Amino acid sequence: MSDRHFDDLALRFAEKIYGGAKGAIRLAVLQADLAEALPERPLRVLDVGAGLGHMALWLAERGHRVTLAEPAAPMLDAARERFAAAGQSATFLQAPWQELLGRLDEPFDLVLCHAVLEWLAEPQHILPVLHQLTASGGWLSLAFYNKDALIYRNLLKGHFRKLRKEKFAGEGRSLTPQRPLNPRELRAAMESAWQIDGESGVRVFHDYMPAEFQAKAELLDLLEMELAYRRHPAFAGLGRYLHWLCRPRPAC
C-alpha cells in the first residue's frame, strides 16, 4: 500500500461532497472549533493536504497568512482558482508531506491536517513531521476518518461478514479511505508529543439518518444540531470524522 494522491475522479467527488450537506457540516464543525480556540491576531498557517482549499480560504479571509501544501496538481489548481475568485492571496506548494521539512524554513502557528492520515500507507509516520512543522505554543488541527464510525455504520447495515473479515479499507480507485483510524491507537501514538485540548465529532448523526429523512431535513437545522451535539459524550465518538485540536509538547 502506498500514499493515495487525488486524481481528477477524486476532484469531482470532492467537489460534489462540498456542494452538499456532508461538506457543509464538516466545514461548519471545523470552523466552529477553530473560531473558539484561536487568537484574533494574524497567524502563519500551513494546510497539509489542502485539497480544494476550503479551510485555507476561510482562514485567509480572516487575515491569516496561509500556505497550502497539496501533492495532487488537480486539487492545487482548483484551490488556486478558488482563492483567485475570492480575491485572496496565499502560497501554493505542490508537495507531499515527506518533502515539507526540506521546503519550509520555519514552523507555523497553526497546522491543518484534515482528512490526510486515512490516505497514507503509514499514517503514524507523519506525526513527527507535523510536530516539527508546528511552532512551540502553536496548534495542530487534526481531522481523520473514524474507524469506530465505519464499524458502527456496517453494524447498522447488517454487514456482519465484512466486519468479521475486518475489511474496512477502500481498495483500488475506491474513494473510501484506505486506512481508517482507530482513535485509541492514534491517541496512544500522539500521547508523548501532543496534548489534545479539544475534541469534536464531525457528522455525529447525519450519515446514520435514513435517506428519506436526510432529504427532508433543512441544512440550517442539520448544521445547528451537528454543532450542538459535536461534543456530546455519547455522540462525539460516532462522528464520521473526528477533529482534535492539539498543542505540541516540548521536545525532550
Side-chain angles (χ1 to χ4, degrees), residues 3-35 37-38 42-101 103-120 126 129-130 133-135 138-145 175 177 200 202-203 219 223 240-245:
D3 292 0
R4 171 79 184 274
H5 297 166
F6 281 74
D7 54 17
D8 290 327
L9 173 64
L11 173 60
R12 292 193 296 273
F13 174 79
E15 289 174 335
K16 181 178 179 180
I17 288 293
Y18 277 109
K22 288 184 177 182
I25 293 167
R26 176 164 148 182
L27 290 175
V29 172
L30 297 175
Q31 291 168 4
D33 286 355
L34 288 171
L38 299 181
L43 304 175
R44 293 184 67 251
V45 179
L46 172 64
D47 193 348
V48 178
L52 299 175
H54 290 88
M55 284 298 299
L57 178 58
W58 178 79
L59 288 161
E61 290 173 337
R62 280 147 186 80
H64 302 295
R65 291 172 292 160
V66 178
T67 297
L68 293 81
E70 167 59 48
M75 288 288 194
L76 199 62
D77 289 343
R80 284 194 184 96
E81 293 174 4
R82 180 165 281 102
F83 269 73
Q88 293 292 329
S89 62
T91 300
F92 297 90
L93 181 64
Q94 185 178 352
W97 65 269
Q98 293 93 336
E99 297 179 7
L100 294 181
L101 290 177
R103 298 181 64 175
L104 297 169
D105 296 330
E106 55 183 312
F108 290 78
D109 302 310
L110 171 65
V111 175
L112 309 181
C113 187
H114 297 162
V116 172
L117 269 64
E118 58 266 25
W119 298 105
L120 303 182
I126 197 176
V129 174
L130 295 174
L133 290 169
T134 306
W139 291 264
L140 168 66
S141 174
L142 183 68
F144 59 92
Y145 193 70
L175 292 171
S200 294
V202 179
R203 305 205 309 264
L219 179 58
L223 295 177
R240 179 54 62 96
Y241 289 81
L242 298 181
H243 181 221
W244 292 354
L245 276 173

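Here the structure is a predicted model, which means the values were calculated and not measured.
- Residue pairs meeting the ring-ring contact (aromatic ring centres under 6.0 Å, His included) criterion with at least one member in residues 67-95, sequence neighbours excluded: Phe83-Phe92.
- Residues passing the side chain to side chain contact (heavy atoms under 4.5 Å, CB included) test with Val29, sequence neighbours excluded: Ile25, Asp33, Ser200, Val202, Leu227, Arg230.
- Residues Leu100 and Leu93 form a side-chain contact, since some pair of their non-hydrogen atoms from C-beta on lies under 4.5 Å apart.
- Going from atom OG1 of Thr67 over to atom CG of Leu104 covers 6.5 Å, rounded to the nearest 0.5 Å.
- Sorted by first and then second residue, the pairs that involve residues 76-87 and meet side-chain hydrogen bond (donor to acceptor under 3.5 Å, both in side chains), not counting sequence neighbours, are Asp77-Arg80.
- Met55 has its side chain within reach of Leu34: a pair of non-hydrogen atoms, C-beta onward, lies under 4.5 Å apart.
- Residues satisfying the side-chain hydrogen bond (donor to acceptor under 3.5 Å, both in side chains) test with Arg62, not counting sequence neighbours, are none.
- Looking at Leu43 and Arg65, their side chains never come closer than 4.5 Å, going by heavy atoms from C-beta outward.
- Here the closest non-hydrogen pair linking Gly53 and Leu68 is CA-CD2, 3.9 Å.
- Here the side chains of Pro107 and Leu133 are not in contact, with every heavy-atom distance at 4.5 Å or above.
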Check step by step if side chain to side chain contact (heavy atoms under 4.5 Å, CB included) holds for Trp97 and Leu120.
-> CA-CA 10 Å; Trp97 65 269; Leu120 303 182; 3.6 Å; yes
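- Smallest separation of non-hydrogen atoms from Thr134 and Gly138: CG2-C, 3.9 Å.
- Under a 3.5 Å cut-off, the side chain of Glu118 and the backbone N or O of Tyr145 do form a donor-acceptor pair.
- With sequence neighbours left out, the salt bridge (Lys or Arg N to Asp or Glu O under 4.0 Å) criterion links Glu61 to no other residue.
- Minimum heavy-atom separation, Ala24 to Leu223: O-CD2, 3.7 Å.
- For residues 53-80, the pairs satisfying ring-ring contact (aromatic ring centres under 6.0 Å, His included) are Tyr18-His54, with sequence neighbours left out.
- Geometrically, Arg26 engages Tyr241 in a cation-pi contact, judged by NZ or CZ lying under 6.0 Å from the ring centre and within 45° of the ring axis.
- Distance alone, capped at 3.5 Å, is enough to place a donor-acceptor pair between the Asp109 side chain and the Arg44 backbone.
- With contacts defined as side-chain heavy-atom distances shorter than 4.5 Å, the pair His243/Leu142 does not qualify.
- With a 4.5 Å cut-off on side-chain heavy atoms, Ile126 and Leu117 count as touching.
- Residues Val129 and Leu101 meet the side-chain proximity criterion, which asks for heavy atoms closer than 4.5 Å.
- In this structure, Gly51 and Glu70 approach most closely via the heavy-atom pair N-OE1, 2.9 Å.
- Screening residues 83-96 for side-chain hydrogen bond (donor to acceptor under 3.5 Å, both in side chains), with sequence neighbours left out, gives no hits.
- In terms of the side chain to side chain contact (heavy atoms under 4.5 Å, CB included) criterion, residue partners of Pro71 (sequence neighbours excluded) are, by chain and number, His5, Pro96.
- Considering only heavy atoms from C-beta on, Val45 stays 4.5 Å or farther from Val111 through its side chain.
- When each of Leu59, Leu245, Val48, Leu38 is paired with Ser141, the side-chain contact (heavy atoms from CB on, under 4.5 Å) condition holds for Leu245 and for no other.
- For Phe144 and Trp244, the gap between ring centers is short of 6.0 Å.
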